[in-house]
Amino acid sequence: MLFQCPKLTPLQSRFAASCAALLMLGIIYWSLSSPHFAYAAELEVDGSGRSRGGDDHNWHRIEQQMLEDDGVAQGDGKRSSVLVGRAVTPQAISGNDAPNLLNIQAGTTTLWEYPKALLASSKATTGPGLPSELDQKRDVEPQHAELRKRQDSSSETKTIFVSINTCLQPTWNGTGVQTAAPPQLTLYVSTESGNTDLGPNGQSQIIQPLQEGFANVSLEASGDWYMSVHAPALPDGFVGVWNYELAVSINAYYHAADPTDPFLYLVDTDNDSALLVTNNLTQMDSSSSVFKEWMNTSAPFIMFGANVNHTSTMGIMSSYCGWSNAKQIAANQQDLGGISSNVQMGMITRGLGNKPKEQFYMRDLNGSSQYNGVLAMAGNSTDSGSGVVGGGGKIWQTVNWTTKADGNCALLFNLTFCDEVAYAVPSNPTSEYANITKMQELFDNYTSVSYQQFNYSLQQIPCNTTSDAQYSLAKSCTDCAAAYKEWLCAVSIPRCDDFSTSQSKAPWLQPRNMGQASLITGSLLPDDLLYQNYTPMDKAPTLQGSPAYKQTYISSLATNSSRNPLIDEKIMPGPYKEVLPCEDLCYSLVQSCPASLGFGCPFPGRGLEAGYGKRSTNGTITCSYLGAVYDISAGDRLFAPMFKAVVLAGLVALVVGFA
Ligand SMILES: *[C@@H]1O[C@H](CO)[C@@H](O)[C@H](O)[C@H]1NC(C)=O
Ligand SMILES: *[C@@H]1O[C@H](CO)[C@@H](O)[C@H](O)[C@H]1NC(C)=O
Ligand SMILES: *[C@@H]1O[C@H](CO)[C@@H](O)[C@H](O)[C@H]1NC(C)=O
Ligand SMILES: *[C@@H]1O[C@H](CO)[C@@H](O)[C@H](O)[C@H]1NC(C)=O
Ligand SMILES: *[C@@H]1O[C@H](CO)[C@@H](O)[C@H](O)[C@H]1NC(C)=O
Ligand SMILES: *[C@@H]1O[C@H](CO)[C@@H](O)[C@H](O)[C@H]1NC(C)=O
Ligand SMILES: *[C@@H]1O[C@H](CO)[C@@H](O)[C@H](O)[C@H]1NC(C)=O
Ligand SMILES: *[C@@H]1O[C@H](CO)[C@@H](O)[C@H](O)[C@H]1NC(C)=O
Ligand SMILES: *[C@@H]1O[C@H](CO)[C@@H](O)[C@H](O)[C@H]1NC(C)=O
Ligand SMILES: *[C@@H]1O[C@H](CO)[C@@H](O)[C@H](O)[C@H]1NC(C)=O
Ligand SMILES: *[C@@H]1O[C@H](CO)[C@@H](O)[C@H](O)[C@H]1NC(C)=O
Ligand SMILES: *[C@@H]1O[C@H](CO)[C@@H](O)[C@H](O)[C@H]1NC(C)=O
């Protein structure tokens, strides 16, 4: 057994003490004389077009009619006999909470009318909503509430919510690769009743250029209210028209976007799949009804994704309508649980805090490719489209990920014992463990057997006695067992990363199995790399000829084996890099368990660096811990430096590395 003292049998009450003594002897002996010491310790290891400028209003109508004749516009042309203001024929907004789709050509402006009849209609009744609000900071206050209300006693004043999504954009027909999105449309909303002088040369208007295909404006309205959408001139290389969806409502925005919060985190990738989870959907505890309701919802969110080179997503990243046309990959309600689809979705509680989250498992991706993805909500999550308040959907901030290049790391999750494990592990597509079910069984068997042995020793400790007989007032056996389980899972199931790519040169990655032939190329690494000097322990005693300073990548077990021999025996993954377990997992084990169990951690410069990693606060996963996701602050889990000093001073023995 790699991670613990030899053979624990029940009732071997002196196990812990003797084991610790044995380890101590071993360390003293090895550090002075044996080349194996290194081995042992390491193992722990726009131009604004002016088409409508001036008075050319008829031109606009003609163009509009042309589009409608072409069958591309869905506007209601029948209202054209009603001339408003300066003889521009507006398109009529068809209803509250309804999408109004229209094509628009470069350099043109379309005027829209929100008639007072719609303003006067009564508020829609909405459903109960999702089990809880996603974020408390959500403002429902109208953004332009300060705008003056019209003094027209005949008409009622109400807040209206105007929102727009770009659905289609002009396409690239230039030479070379498209490097920029086509320019964005602009939404103009009047600030006065009856004002139709809207657009680039208009007046009394709110000007809201779309951002990534989305804009929203809310204000107090009365009487007939107008807004317009303007398309800029097209830069060289682009051809075609835009298509957009404009909606006005007295209830709430039809379209939504949150460009500042992704609400979605990358867990890990392998060479053809990616695992992502939403943020916690609630912080309530598991006995609460909100918690249960979330777990009983059927995947409330969906996801859209595309390769970064998929240029049609450029410029519509905040548009639900845009994404639903330009996507490459989509997880939608039909894919729910469907093993045949390439995105699997489901509710989980795995991860920090064990709160409800939705998980997305995307497959059939390309290797070593960068992807963009967004969390999305179709309509209000249970219903969408015309007549549904918020029926136009919501898009969150873009998340990106890069798939791995090498084929010897495989995403592993859904384990039975180490149920918090969700990351790529060393794998081998030519072994029987290419079958992920087999891989799950292998690690489940191994870790549960190890845990059982630990549990026998723990039963020798007075845990459930009166407090003065307990080994510690601060820590109980339950804490010890939890710390051991977390440590065991993180240490025996190593987190795998590419060996060869440029991003795999990160300093926190520990090379493993360098002497094995690559599964991809079938050949060994070059000799000049293998025979490079490698010093895993820079504070080893500098005795004459100390072997600690004479190691190479191929001779050092830290770089030429896996920390868990099971991997080399059964999986044989070839060279890979390991994201080392976080050192605080080891410190927590030592702190939580009775000293008589003899746990200890390697010292800095004496094996710690080759066995354990340090957490970073910048969102990069620089060491492996259960529940890790990218781009989230690990701050609250950081180890208190004071405690660390205490542990280091009080260590008795090394916890790992003896067979
Ligand atoms: C979505 O809208 C429909 C129709 O208005 C309503 O029945 C349903 O309860 C709403 N769902 C949520 C989650 O608000
Ligand atoms: C796109 O470019 C090709 C060649 O440059 C040209 O023949 C074609 O007419 C262009 N298409 C449009 C719609 O302008
Ligand atoms: C309007 O859109 C912005 C994003 O551009 C968003 O922050 C804001 O919450 C939206 N307003 C509402 C009420 O949704
Ligand atoms: C995608 O873009 C990257 C970087 O611009 C480039 O190296 C790669 O070859 C492109 N892939 C495809 C399939 O076009
Ligand atoms: C979820 O909540 C826990 C605390 O309950 C927190 O530590 C964690 O960072 C939150 N987010 C995610 C994605 O885990
Ligand atoms: C996401 O994109 C940024 C900027 O393009 C890049 O620096 C970062 O590495 C990407 N993240 C991933 C996980 O690919
Ligand atoms: C991923 O790696 C496996 C094993 O090397 C290989 O068979 C497969 O083709 C790779 N997939 C991609 C998308 O590169
Ligand atoms: C993970 O487990 C859940 C529930 O047991 C199951 O629905 C899902 O298909 C599993 N996913 C994979 C990839 O095994
Ligand atoms: C993987 O192994 C499991 C059980 O060991 C078996 O039921 C399943 O059919 C295997 N899957 C494949 C694709 O071989
Ligand atoms: C796991 O253990 C069970 C029961 O001991 C055994 O049947 C199964 O073959 C083992 N699986 C692996 C992958 O070792
Ligand atoms: C201590 O008692 C608790 C509950 O009373 C029990 O769950 C736990 O297994 C006991 N621990 C040991 C080591 O006996
Ligand atoms: C994040 O922090 C680690 C060290 O903790 C550092 O090596 C890495 O370069 C940092 N990454 C970024 C993107 O700042």
Side-chain angles (χ1 to χ4, degrees), residues 265-266 268-275 305 307 309 328-329 339-340 342-344 361-371 399-416 424-446 495-510 513 516-523 570-577 579-584 604 608-609 612-625 628-635 637-639 641:
Y265 299 97
L266 175 67
D268 207 356
T269 63
D270 58 23
N271 81 335
D272 58 8
S273 60
L275 187 67
N307 191 290
N309 294 1
Q328 235 176 3
I329 310 153
I339 200 91
S340 59
N342 58 5
V343 186
Q344 230 177 290
Y361 179 42
M362 295 202 165
R363 289 171 302 175
D364 301 334
L365 304 179
N366 293 331
S368 55
S369 305
Q370 198 179 328
Y371 286 84
V399 173
N400 64 351
W401 66 87
T402 306
T403 51
K404 292 191 175 38
D406 302 344
N408 64 341
C409 293
L411 265 177
L412 185 72
F413 58 99
N414 260 9
L415 300 187
T416 309
V425 301
S427 74
N428 182 342
T430 63
S431 79
E432 63 175 305
Y433 300 103
N435 178 336
I436 208 76
T437 315
K438 280 260 160 55
M439 182 89 97
Q440 288 167 339
E441 271 179 29
L442 179 71
F443 283 116
D444 269 330
N445 281 5
Y446 178 83
R495 183 167 181 140
C496 180
D497 213 331
D498 282 339
F499 189 84
S500 54
T501 61
S502 56
Q503 62 265 43
S504 65
K505 295 198 166 50
W508 60 83
L509 294 175
Q510 174 69 31
N513 286 347
Q516 291 181 14
S518 157
L519 296 177
I520 302 107
T521 62
S523 51
K570 303 261 182 175
I571 301 173
M572 295 173 284
Y576 68 97
K577 290 200 177 172
V579 182
L580 298 170
C582 297
E583 56 181 19
D584 51 279
L608 180 71
E609 293 76 9
Y612 290 95
K614 286 186 180 4
R615 294 193 194 225
S616 91
T617 47
N618 62 17
T620 307
I621 299 181
T622 53
C623 66
S624 177
Y625 60 97
V629 295
Y630 282 89
D631 296 321
I632 199 168
S633 167
R637 299 252 326 176
L638 281 177
F639 221 66

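For ligands, and for the atoms within them, numbers begin at 1 and follow the listed sequence. Here the structure is a predicted model, which means the values were calculated and not measured.
- Of all protein heavy atoms, the one lying nearest to atom 8 (C) of ligand 12 is Asn618 ND2, 3.7 Å.
- In this structure, Asn408 has no heavy atom closer than 4.0 Å to ligand 7.
- Asp272 and Lys404 are not joined by a salt bridge, as no carboxylate oxygen comes within less than 4.0 angstrom of a charged side-chain nitrogen.
- In terms of polar-atom proximity, Thr437 is not counted as a contact of ligand 9, lacking any N or O under 3.5 Å from an N or O of the ligand.
- The residues Lys614 and Asp584 are annotated as not salt-bridged, no charged nitrogen and carboxylate oxygen being separated by less than 4.0 angstrom.
- Numbered from 1 in the order shown, with element, the atoms of ligand 7 that lie under 4.0 Å from a heavy atom of Pro429 read 4 (C), 5 (O).
- Scanning all protein heavy atoms for the shortest distance to atom 4 (C) of ligand 12 gives Ser616 CB, 4.2 Å.
- Considering backbone and side-chain N/O atoms, Asn271 comes within less than 3.5 Å of an N/O atom of ligand 7.
- For atom 7 (O) of ligand 12, the nearest protein heavy atom (residue, atom name, distance) is Trp508 CZ3, 3.5 Å.
- Within 4.0 Å of atom 14 (O) of ligand 12, at least one protein heavy atom is present.
- For the atom pair Leu509 CG and Thr622 OG1, the distance stands at 9.5 Å (nearest 0.5 Å).
- Less than 4.0 angstrom separates some heavy atom of Leu365 from each of these atoms of ligand 7: 13 (C).
- Between atom CD of residue Glu432 and atom NZ of residue Lys570 there is a gap of 7.5 Å, rounded to the nearest 0.5 Å.
- Taking the ring centre of Phe499 as origin, the terminal cationic atom of Lys577 falls inside the region bounded by 6.0 Å and 45° from the ring axis.
- By the 30° and 60° cut-offs, the orientation of the rings of Trp401 relative to Tyr371 is parallel.
- Considering all non-hydrogen atoms of both residues, Val579 and Ser624 come closest at O-CB, 3.5 Å.
- The structure places OG of Ser369 at 8.0 Å from CG of Asn309, a figure rounded to the nearest 0.5 Å.
- Of all atoms in ligand 7, listed by their number and element, those nearer than 4.0 Å to a heavy atom of Gly407 are 2 (O), 4 (C), 5 (O).
- The proximity of Leu519 to ligand 7, defined as any non-hydrogen pair under 4.0 Å, does not occur for either the backbone or the side chain.
- Interface of Thr620 with ligand 12, defined as ligand atoms under 4.0 Å from a residue heavy atom, comprises 1 (C), 11 (N).
- Rounded to the nearest 0.5 angstrom, Glu441 CD and Leu415 CG are separated by 11.0 Å.
- Here the heavy atom of the protein found nearest to atom 12 (C) of ligand 9 is Asn435 ND2, 3.3 Å.
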